[in-house]
Amino acid sequence: EASRTAAMNFLPARLIDVGDALNGKPPRLVITSEMKPSAWKDEPTEYMALSYCWGPVDETSRLLKTTHDTMGSRMEKIELDTMPLVFQDAVTVAQTLNIQYLWIDSLCIIQDDTRDWQIESSKMAEIFSNAYLTLIAASSSGSNDSFLSRGLPGPCCAVPLKIPSEESILGEFSLRFRRRWLTSDKMAEISSSRWITRGWTFQEERLARRV
């Protein structure tokens, strides 16, 4: 029981608080050990983890990162328009799903601190297996490839949806033609993506509770 409780209360050393777009609160970096105990005493704090490819070398050199020099400013705010498109999309998904916290390696690990990188990278199994949701940017070959703006491949259609409840839910869901219908492997449709060729991302997907 003690080990189960410890696992439920696991949090990475740092998370991105995705803020509140409606109230003008930008995302910011938070140190989880400094979060109020009430935030995760009774039930675990839910966070989303992002699995993505950094991209080509020239792109990764410009990737938004946390360093000792930028730590202070990251904890004050991280303007959304300074983030690469994959990060922006991840924040949008988290806000839409009402998941307050997001883990992104380049922002939640101090990139110019070898010891911090060694400590946090050794926790990858815990980080991804304890995440409420792992968001996989499988259609993106680099951090500046948006996955929310892409078109759905093949024939598709939108179906209106209405769920009667105390607050009526209106929306739609999409149906699309699945080309590889003989396989049930959820990775089959992205077999040609750059994401699926990486060892780190393979580990992240295998460890995730839901993707």
Is it possible for you to say whether Ile119 and Met71 belong to one hydrophobic cluster, with membership spreading through side-chain heavy-atom contacts below 4.5 Å? no
Are Leu175 and Ile163 connected, step by step, through hydrophobic side chains (Ile, Leu, Val, Met, Phe, Trp, Tyr) whose heavy atoms are closer than 4.5 Å? yes
CD1 of Ile127 to CG of Leu11, rounded to nearest 0.5 Å, is 10.5 Å
Taking side chain as C-beta onward, heavy atoms only, is Leu29 less than 4.5 Å from Ile16? yes
I'd like to know whether Arg14 forms a salt bridge (charged side-chain N to carboxylate O under 4.0 Å, His left out) with Asp116, so could you lay out the CA-CA distance, the side-chain angles of the two residues, the decisive distance to 0.1 Å, and finally the verdict. CA-CA 11 Å; Arg14 302 169 198 91; Asp116 189 70; 2.9 Å; yes
Do Leu64 and Arg74 make a side-chain contact, defined as non-hydrogen atoms from C-beta onward lying under 4.5 Å apart? yes
Do you know which two heavy atoms are closest between Leu135 and Ala90, and how far apart they sit? CD2-CA, 3.7 Å
Check against side chain to side chain contact (heavy atoms under 4.5 Å, CB included), Lys65 and Leu107: CA-CA 5 Å; Lys65 303 171 185 175; Leu107 291 174; 5.7 Å; no
I want to check something: taking the side chain as every heavy atom from C-beta on, are Pro84 and Leu63 in contact at a cut-off of under 4.5 Å? yes
Answer whether the closest heavy-atom distance between the side chains of Leu15 and Pro12 falls below 4.5 Å. yes
Kindly say whether Lys25 contributes a backbone atom to a donor-acceptor pair with the side chain of Asp20 at under 3.5 angstrom? no
Just do the side chain to side chain contact (heavy atoms under 4.5 Å, CB included) check on Arg210 and Tyr132 with the steps written out, would you? CA-CA 7 Å; Arg210 57 177 69 83; Tyr132 175 78; 3.5 Å; yes
Set out, in order, the CA-CA distance, both residues' side-chain angles and the distance that settles side chain to side chain contact (heavy atoms under 4.5 Å, CB included) for Met75 and Val30, then state yes or no. CA-CA 6 Å; Met75 292 176 66; Val30 295; over 6 Å; no
Is a side-chain donor-acceptor pair under 3.5 Å present for Trp54 with Asp105? yes
How far does CG of Asp112 sit from OG1 of Thr66, to the nearest 0.5 angstrom? 9.5 Å
Ring centroids only, cut at 6.0 angstrom: are Tyr52 and Phe147 within range, meaning strictly under it? no
May I ask you to test the Asp113-His68 pair for a side-chain heavy-atom distance under 4.5 Å? yes
Return the OG to CG distance between Ser143 and Asp89, rounded to the nearest 0.5 Å. 11.5 Å
Under 3.5 Å, is there a donor on one side chain and an acceptor on the other for Ser73 and Thr70? no
Mind checking the CD-CZ spacing from Glu76 to Arg28? Nearest 0.5 Å is all I need. 10.0 Å
Closest heavy-atom pair, Ser121 versus Ile109, reported as atoms and distance to 0.1 Å, is N-CD1, 4.5 Å
Hey, does Leu50 have a side-chain heavy atom less than 4.5 Å from the side chain of Phe87? yes
Counting only heavy atoms from other residues, nucleotides and ligands, does the tally under 6.0 Å from NZ of Lys123 exceed 12? yes
Worked verdict on Tyr101 versus Asp17 for side chain to side chain contact (heavy atoms under 4.5 Å, CB included): CA-CA 5 Å; Tyr101 299 101; Asp17 182 330; 4.0 Å; yes
Exercise: identify the closest heavy-atom pair between Pro26 and Lys77: CG-CB, 3.6 Å
State whether the side chain of Thr32 and the backbone N or O of Ala13 hold a donor-acceptor pair below 3.5 Å, judged by distance alone. yes
If hydrophobic clusters are built by linking Ile, Leu, Val, Met, Phe, Trp and Tyr wherever their side-chain heavy atoms come under 4.5 Å apart, do Met48 and Leu85 end up in the same one? no
Count I, L, V, M, F, W, Y as connected when their side-chain heavy atoms are under 4.5 Å apart, and connections chain through other members. Are Val159 and Ile169 then in the same cluster? yes
When rounded to the nearest 0.5 Å, the distance separating CD1 of Ile136 from SG of Cys53 is 10.5 Å
Could you grab the distance from atom SG of Cys108 to atom CD of Glu120, nearest 0.5 Å is fine? 9.0 Å
Would you say the side chain of Met83 lies within less than 4.5 Å of the side chain of Gln88, judging by non-hydrogen atoms? yes
Please report the shortest heavy-atom distance between Val18 and Ile99, naming the atom on each side. CG2-O, 3.6 Å
